[in-house]
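Along the sequence shown, residues carry numbers from 1.
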Amino acid sequence: MTDFTAWSHPVLAVACPSCGRRAGVMCRRPSGHKAADFHARSKAEADRHFIDRHGADASIERTGDGCRIDPQGRLRSGEAS
């Protein structure tokens, strides 16, 4: 099961479909160097998994010792439409 609070960034919770890096590992450029950002497909995959598991209204919020999932975070912050 995908745990979006286990990593320093939620996108790290999924494997990258572009470069094939496993969950928990930063994307790599074709040259083999560490990418400066996640691949767009990796971000989309993380979004899809997060919404499938937690719903479109949920958000990830930083806490003093990590992160937590707020099932209605987007509703409370006014982001949901």
Check your understanding: Remaining members of Val25's ILVMFWY cluster at a side-chain heavy-atom cut-off under 4.5 Å?
Key -> none
Check your understanding: Linking Ile, Leu, Val, Met, Phe, Trp and Tyr through side-chain heavy atoms less than 4.5 Å apart, which residues share a cluster with Val14?
Key -> none
Check your understanding: To the nearest 0.5 Å, what is the distance between OG1 (Thr5) and CD1 (Ile60)?
Key -> 8.0 Å
Review point. Rounded to the nearest 0.5 Å, how far apart are CG of Asp52 and OG1 of Thr2?
Key: 9.5 Å
Revision key, fill the gap. For His49, the ring-ring contact (aromatic ring centres under 6.0 Å, His included) test, sequence neighbours excluded, returns none
**Study point:** Residues forming a ring-ring contact (aromatic ring centres under 6.0 Å, His included) with His54, sequence neighbours excluded
**Key:** Phe50
Looking at every non-hydrogen atom in both residues, tell me the closest pair between [X] and [Y] and how far apart they are.
X     : Y     : result
Cys27 : Cys19 : CA-SG, 3.8 Å
Ala46 : Val11 : CB-CA, 3.9 Å
Ala35 : Met26 : O-CE, 3.4 Å
Ala13 : Ala23 : O-CB, 3.6 Å

Show me the pairs that pass salt bridge (charged side-chain N to carboxylate O under 4.0 Å, His left out) and involve [range], at least two apart or across chains.
range          : answer
residues 2-29  : none
residues 34-44 : Asp37-Lys43
residues 58-67 : Glu61-Arg68

Point to revise | Residue pairs, two or more places apart or on separate chains, that pass ring-ring contact (aromatic ring centres under 6.0 Å, His included) and touch residues 12-32 | key: none
Point to revise | Within residues 8-35 or reaching into it, pairs that qualify as ring-ring contact (aromatic ring centres under 6.0 Å, His included) - sequence neighbours excluded | key: His9-Phe38
